[in-house]
*Asks:* 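The following block contains the structure, expressed as structure tokens.
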Amino acid sequence: MEEKNDNIFEPRIIAFVCNWCTYAGADLTGTSRIKYSTNVEIVRFPCTGRIDFMLLLKAFAGGADGIIISGCHPNDCHYTSGNFHARRRWMVFRDMLDFMGIDIERIRWSWVSAAEGAKWADVVNDTVSKIREMGPYTEYKKAAKFLEEEKIIHE
Amino acid sequence: MSKLSKDTAALLSEGTVKMIIGYEQGTERPRPAFCHTPEDCERLIFNDQCSNNLAVYLTKKEIIGEDKVGVVGNYYVVKTVIQLNLENQINLQNLVLMTVDGDDIITFGSIDEMQQYVDTHEPVPNEKVLAAIEKIDKMSRSERWEYWKSELSKCVRCYACRAACPLCYCNRCVTEVNCPQWIEPWASPLSNMEWQINRIMHMSGRCVGCGECAAACPLELPIGILTKKMGMDIKNTFGGWKDGSVLSTYNVNDKENFIK
Amino acid sequence: MSKIGVFICHCGENISATVDCERVAKSASEMEGVAFATDYKYMCSDPGQSLIKNAIREHHLDGVVVGSCSPRMHEPTFRRACSEAGLNPYLCEIANLREHVSWVHEKGEATTLKAIDIVKGVVEKVRRNKPLNAIEVPITKKALVIGGGIAGIQASLDIANCGQKVILIEKGPSIGGHMSQLSETFPTLDCSQCILTPRMVEVAQHPNITLYTYAELDKLDGFIGNFKATIRLKAKSVDYNKCTGCGLCTTKCPQKKIPSEFNEGLGLRTAIFTPFPQAVPNKPAIDKEHCNYYQKGKCKVCQKFCPTGAIEYDKPDEFITEDIGAVIVTTGFNVLKTDFFPEYGYGKYKDVITGLQFERLASASGPTLGEIRRPSDGQIPKKIVFISCCGSRDPAKGIPYCSKICCMYTAKHAMLYQHKVHDGESTIFYMDVRAGGKNYEEFVRRAVEEDHVNYVRGRVARVYEKNGKLIVKGVDTLLSAKPVEIEADMVVLATAGVANKGAEELAQKMHISYDPYHFFAEAHPKLKPVETNTAGIFLAGACQSPKDIPETVASASGAAVKAVSLLSQPTLVREPIIAVVNRCAPPMFSTCVGCFMCETICPYNAIEHEEIKDRRTGKVIKTVAKINPGLCQGCGTCVSFCRSKSIDIQGYTNEEMFAEVTALLNK
């Protein structure tokens with residue numbers, strides 16, 4: 001949902017989750033009927049290790065205002081070590097993004113297990129309210145629509 | 001004839017190697033030299049200005065073929081050869097690696113010797129690059145975004161940085177994958193940024209810090225800052241370069257403060 | 001051109017109460033690539049499935065998206081329906097509109113729009129799905145049971161009696177486990193060894209069971225149906241083919257003062273020993289740590305006296321590899337020793353003992369031949385204090401859980417003591433009495449009413465020694481926290497049941513999960529208590545959590561059935577969600593550059609080297625990666641790592657995930 005001329009901006013957030021823990025945890029949130037904001041849409045991966053870092057950039061370029069990445073707690077990965085590799089990847093990626101000026105506060109990383117239905121709802125609601133406050137990620141979207149709008153200042 | 005020229009000429013005339021790759025004097029600075037005969041070796045020089053990373057030729061079959069070659073390289077060449085060997089890209093049987101240390105010509109007999117040399121001869125970091133990194137670190141996030149957008153908008157995606165880097169040897173680069181299109185092939189500030197981010201992520205833990213990418217850029221974009229910063233961060237967080245690729249290994253005790 | 005069918009389920013009212021299903025179906029019909037869209041009340045029902053099957057046939061659909069409950073519920077159902085209609089099942093995907101949308105949001109525009117978005121994302125993914133075929137893997141018809149306690153014995157017998165082969169390995173020199181150390185078992189007070197030893201002998205004699213004692217698992221490679229176990233047969237220094245079990249060596253061994261593990265340190269054994277008289281196999285082994293020959297190079301008395309020449313020194317440990325189809329882990333548990341408790345003397349007081357040590361005292365084959373005697377001076381104690389919950393239920397000591405069996409065995413110990421020492425006085429300090437099993441409560445009441453065991457509700461703050469007696473300072477909370485001080489002759493601590501030492505290493509060797517207390521993790525606490533998250537490896541007994549004997553036997557039989565159901569199938573059918581390295585035309589042959597950093601990443605060692613050769617000359621052109629479809633489990637870590645994007649994972653390909661993510665955002 002694009003932001004209209006309303007006063008209330010509703011962020012669009014994509015969640016990249018692993019099938020065995022967080023997806024199941026989100027299922028549990030549903031079974032427990034715990035309510036959370038509609039702004040988050042979940043994409044299922046077999047493991048957090050499968051989440052390519054470029055997909056995050058594609059999400060931002062596509063119009064996402066925020067991203068959630070969530071998987072199994074360390075030592076609990078269904079595939080033993082996928083989440084360890086993912087963790088390393090994020091540690092390097094996050095520092096890089098920050099140095100380039102991309103707003104890493106808009107990306108929320110978490111470990112949510114299959115038993116943590118309530119935690120998933122908290123993660124979602126937390127992230128949505130935080131991003132709602134931060135506002136839309138206009139500068140990235142503008143850069144993505146370069147051919148239409150961008151004006152660059154050169155020193 | 002200098003000792004370097006004599007030794008390398010000997011290797012050629014004995015038939016130990018088919019070609020020597022080294023440095024010769026160019027118009028303004030040294031440039032790579034390819035010696036096929038002992039006479040060619042007279043051109044070889046070695047000094048502080050020899051900055052090209054000759055290891056970039058070692059993965060190019062069209063240049064070295066199946067022949068045994070000798071390489072007289074600088075510190076970074078040695079470091080690169082270790083990394084390339086780790087990644088199964090070179091055959092050490094087909095390589096005679098040498099470097100010049102003061103008056104001595106060192107011929108490396110094994111990876112361990114190369115590693116020893118690399119551990120003990122680390123060059124002084126470039127002050128200008130460090131100062132630039134500090135300046136950017138001090139900026140606010142949106143200032144950094146504007147800075148990089150402004151700089152990278154100049155990039156024309158010539159991929160000279162990729163061609164100059166010895167560790168970019170993929171025969172199909174990720175930018176050439178169009179199903180799905182990870183990085184848009186045209187030059188726009190965002191896609192240029194995506195290209196650099198991708199390059200740095202693929203280099204993480206592998207980059208030897210030779211700075212050839214920045215040297216090759218025809219627009220003199222500050223991409224050397226990116227590789228340097230990445231190398232520093234990885235060293236600080238993961239304690240060093242010897243892992244080969246920081247992303248293909250992990251430690252159960254990796255500590256971060258952002259995953260809750 | 002795709003022809004996808006979209007089927008939106010109302011799920012009764014579960015989805016339709018908050019999501020406008022008709023509208024979602026209508027929006028779906030307008031999406032690119034969708035040839036047919038509809039909604040229905042119960043898609044998983046027979047008429048619902050027929051709806052899907054008919055649509056596939058009528059509209060020649062090449063993809064199906066069902067907007068319904070979580071794929072974890074009904075993905076197999078809908079995939080089967082597609083398969084029956086002639087559509088490859090992997091061209092069917094589920095959009096989770098119930099657990100992720102209707103059950104967690106209020107009714108409204110935003111909810112319906114989100115449902116439409118999610119359906120759109122899945123449609124875009126399915127447009128790029130490729131048909132896949134399940135992988136058939138052969139199964140080795142042999143089970144490995146690790147641990148020879150009652151759980152391992154029961155599981156081995158159950159599997160062997162189904163006609164399948166079993167290998168049972170046990171770390172110690174004899175099978176039997178802790179049950180062989182018990183005197184009498186609750187609630188029937190029948191002799192533990194009497195009911196156990198016939199089973200032990202059955203195991204030794206069963207034609208389908210191969211028993212290796214003094215053996216440990218060294219490595220476990222492979223995957224379900226196709227494990228390769230490397231077993232270390234520790235050197236016993238005795239050739240069992242020659243040994244007759246006469247026991248002469250044990251009488252001649254000069255090292256006689258080694259604390260016996262079987263008697264929990266209360267008795268002694270020799271360096272060449274069988275742990276107990278009913279040991280199976282009933283042949284000795286040499287404990288190298290205490291043997292005069294191994295430590296000092298002298299002696300060799302046992303060899304001199306052995307009538308069959310069975311002693312063979314300096315034999316190295318032997319390693320054998322076995323092909324295994326299924327593994328059952330039954331490594332059991334242990335109890336804390338008294339030195340864990342500073343308030344009860346740090347293990348210094350000889351007469352403060354654990355429940356297991358009391359079992360040895362009460363046991364007719366124990367160090368005191370069944371008489372309850374103080375370890376310090378051999379006197380018969382007139383007053384015994386039993387303390388329940390030593391370590392258990394105590395977050396401060398790091399053990400917040402209940403060890404389950406202690407209330408029952410403490411009651412049993414008190415009863416046994418009263419039966420043996422008629423004028424003895426026993427007091428049990430307890431927090432609660434947990435007697436939930438069949439006839440358990442009646443058993444505890446017998447202790448109170450018939451044997452006059454004194455139950456005091458309260459904890460014991462300290463135990464210290466004074467003039468040869470143990471002063472127990474406790475409290476009676478039912479009498480308003482009145483302090484109770486008892487001068488006892490012996491104190492028995494019901495210490496917590498904990499995981500075995502080495503449990504963590506064993507779990508890591510097998511790639512199974514374990515909890516913070518190092519008990520092995522079951523796949524699902526209610527519905528899969530005997531399975532692990534690692535396919536093909538099952539659990540039984542106390543290695544999963546403290547259990548009494550009836551529960552252990554039940555779980556062992558349960559695990560045995562799981563193993564047999566795996567072994568009795570002709571082949572194992574696996575989901576084809578595996579990674580594949582691309583191949584293309586010469587001269588590139590593959591975009592893979594052969595850096596093999598993916599090999600370091602794969603947790604299943606599924607990545608192999610493939611040499612691409614010139615077919616005429618045989619010369620190697622390049623070496624690229626190849627994924628073993630039998631080993632790959634489909635995590636996809638190698639896919640997102642590969643710099644040249646040469647690996648892709650079937651079912652979650654780069655194109656599919658890219659399309660799904662961008663579709664969710666594009667309007």
Side-chain angles (χ1 to χ4, degrees), chain A residues 48-49 52-58 60-61 69-71 73-75 77 80-112 119 122-123 126 139-147 150-155, chain B residues 133 136-137 139-154 174 177 180-184 186-194 196-198 200-201 203-205 225-226 229-230 232-234 236-238 243 245-260:
Chain A
T48 43
D52 199 310
F53 58 82
M54 283 309 290
L55 282 176
L56 270 64
L57 297 182
K58 292 293 136 188
F60 277 139
I69 300 172
S70 181
H73 288 261
N75 278 320
C77 180
T80 330
S81 54
N83 59 355
F84 288 135
H85 286 293
R87 176 168 64 178
R88 268 235 170 155
R89 188 182 304 142
W90 303 137
M91 286 165 81
V92 175
F93 190 56
R94 188 172 182 265
D95 284 340
M96 174 93 291
L97 288 188
D98 195 28
F99 189 67
M100 305 277 292
I102 293 175
D103 196 350
I104 53 176
E105 295 296 313
R106 289 176 181 274
I107 309 178
R108 169 71 187 267
W109 279 277
S110 67
W111 308 124
V112 173
K119 183 172 178 192
D122 281 340
V123 168
D126 231 18
E139 60 183 17
Y140 205 101
K141 289 186 234 208
K142 266 170 55 176
K145 296 200 190 102
F146 166 70
L147 294 174
E150 223 6 43
K151 200 167 107 175
I152 313 285
I153 307 147
H154 289 273
E155 276 164 26
Chain B
I133 294 179
I136 298 176
D137 267 338
M139 295 182 194
S140 75
R141 183 201 63 78
S142 44
E143 282 171 353
R144 285 201 287 269
W145 170 259
E146 288 305 316
Y147 173 79
W148 285 109
K149 206 168 57 156
S150 157
E151 288 297 323
L152 291 177
S153 64
K154 302 179 208 161
V174 66
V177 178
Q181 188 83 64
W182 294 109
I183 304 168
E184 288 156 350
W186 52 80
S188 77
L190 187 64
S191 50
N192 294 346
M193 215 181 281
E194 286 177 351
Q196 283 304 321
I197 291 176
N198 221 292
I200 299 303
M201 284 300 287
M203 282 295 123
S204 47
I225 299 180
L226 287 174
K229 167 85 173 142
M230 179 265 295
M232 280 166 47
D233 274 350
I234 287 182
N236 288 339
T237 321
F238 301 105
D243 277 334
S245 171
V246 74
L247 292 184
S248 67
T249 52
Y250 67 89
N251 190 325
V252 177
N253 296 322
D254 282 339
K255 279 269 171 294
E256 37 60 33
N257 58 3
F258 58 90
I259 310 185
K260 304 237 172 356

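Chain identifiers are assigned alphabetically (A, B, ...) following the order of the sequence lines, protein sequences preceding nucleic acid strands; residue numbering begins at 1 within each chain.
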*Asks:* Is the distance from the ring center of B:Trp145 to that of A:Tyr140 below 6.0 Å?
*Replies:* yes
*Asks:* Among B:Leu226, B:Val174, B:Thr237, who wins on heavy-atom pairs under 4.5 Å with chain A?
*Replies:* B:Leu226
*Asks:* Ignoring hydrogens, what is the shortest heavy-atom contact between B:Leu247 and A:His85? Give both atom names and the distance.
*Replies:* O-ND1, 3.8 Å
*Asks:* B:Ile200 and A:Val92: side-chain contact (heavy atoms from CB on, under 4.5 Å), yes or no, with the steps?
*Replies:* CA-CA 10 Å; B:Ile200 299 303; A:Val92 175; over 6 Å; no
*Asks:* Spell out, as yes or no, whether a donor-acceptor pair under 3.5 Å connects the side chain of B:Arg144 to the backbone of A:Asp98.
*Replies:*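 Checked: pair present.
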*Asks:* Of the backbone (N, CA, C, O) and the side chain (C-beta and beyond), which part of B:Met139 lies under 4.5 Å from a heavy atom of chain A, both, or neither?
*Replies:* neither
*Asks:* Before giving the answer on side chain to side chain donor-acceptor pair (under 3.5 Å), spell out for B:Ser204 and A:Arg89 the whole-Å C-alpha distance, their side-chain angles and the decisive distance to 0.1 Å.
*Replies:* CA-CA 10 Å; B:Ser204 47; A:Arg89 188 182 304 142; over 6 Å; no
*Asks:* Under a 4.5 Å heavy-atom cut-off, does chain B meet the side chain of A:Leu97, its backbone, both or neither?
*Replies:*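 A:Leu97 touches chain B through side-chain heavy atoms alone.
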*Asks:* What's the spacing between A:Ile102 CD1 and B:Met193 CE if we round to 0.5 Å?
*Replies:*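 CE of B:Met193 is found 6.0 Å from CD1 of A:Ile102.
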*Asks:* Which atom pair, heavy atoms only, marks the closest approach of B:Ile183 to A:Met54?
*Replies:* CG1-CE, 3.9 Å
*Asks:* Begin with the C-alpha distance, continue with both residues' side-chain angles, and end with the deciding distance and a verdict on side-chain contact (heavy atoms from CB on, under 4.5 Å) for B:Phe258 and A:Arg108.
*Replies:* CA-CA 8 Å; B:Phe258 58 90; A:Arg108 169 71 187 267; over 6 Å; no
*Asks:* Taking side chain as everything from C-beta outward and backbone as N, CA, C, O, which of these in B:Ser188 sits under 4.5 Å from a heavy atom of chain A? Side chain, backbone, both or neither.
*Replies:*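 Both the backbone and the side chain of B:Ser188 come within 4.5 Å of chain A.
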*Asks:* For the atom pair CH2 (A:Trp90) and CD1 (B:Ile259), what is the distance rounded to the nearest 0.5 Å?
*Replies:*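 Atom-to-atom, A:Trp90:CH2 and B:Ile259:CD1 are 9.5 Å apart.
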*Asks:* Answer yes or no: is there an ion pair linking B:Lys149 with A:Glu139, defined by an N-O contact shorter than 4.0 Å?
*Replies:*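 Here B:Lys149 does not pair with A:Glu139 in a salt bridge, since their nearest N and O are not under 4.0 Å apart.
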*Asks:* What do the steps show when you test B:Trp182 against A:Leu57 for side-chain contact (heavy atoms from CB on, under 4.5 Å), and what is the final call?
*Replies:* CA-CA 9 Å; B:Trp182 294 109; A:Leu57 297 182; over 6 Å; no
*Asks:* With chain B, which of A:Leu55, A:Asp95, A:Asp103 has the greatest number of heavy-atom pairs at distances under 4.5 Å?
*Replies:*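 Most heavy-atom pairs under 4.5 Å with chain B: A:Asp103.
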*Asks:* Got a donor-acceptor contact below 3.5 angstrom from the A:Arg88 side chain to the B:Asp254 backbone?
*Replies:*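 No, the answer is negative, given that no donor and acceptor are paired below the 3.5 Å cut-off.
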*Asks:* State, with a plain yes or no, whether a side-chain heavy atom of B:Lys260 is found less than 4.5 Å away from one of A:Trp109.
*Replies:*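 No, side chains not in contact.
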*Asks:* Can you see which heavy atom on A:Arg94 is nearest to which on B:Asn257, and at what distance?
*Replies:*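 Heavy-atom minimum between the residues: NH1-OD1, 4.3 Å.
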*Asks:* Could you tell me which non-hydrogen atom of A:Arg87 sits nearest to which non-hydrogen atom of B:Glu256, and how far apart they are?
*Replies:* CD-OE2, 3.6 Å
*Asks:* Is there a donor-acceptor pair closer than 3.5 Å between any side-chain N or O of B:Trp148 and the backbone N or O of A:Phe99?
*Replies:* yes
*Asks:* Please look at A:Met100 and chain B and tell me whether the side chain, the backbone, both or neither of the residue comes under 4.5 angstrom of a heavy atom of that chain.
*Replies:* both
*Asks:* Please assess A:Lys58 against B:Glu194 for the test side-chain contact (heavy atoms from CB on, under 4.5 Å), listing each intermediate value before the final yes or no.
*Replies:* CA-CA 9 Å; A:Lys58 292 293 136 188; B:Glu194 286 177 351; 3.2 Å; yes
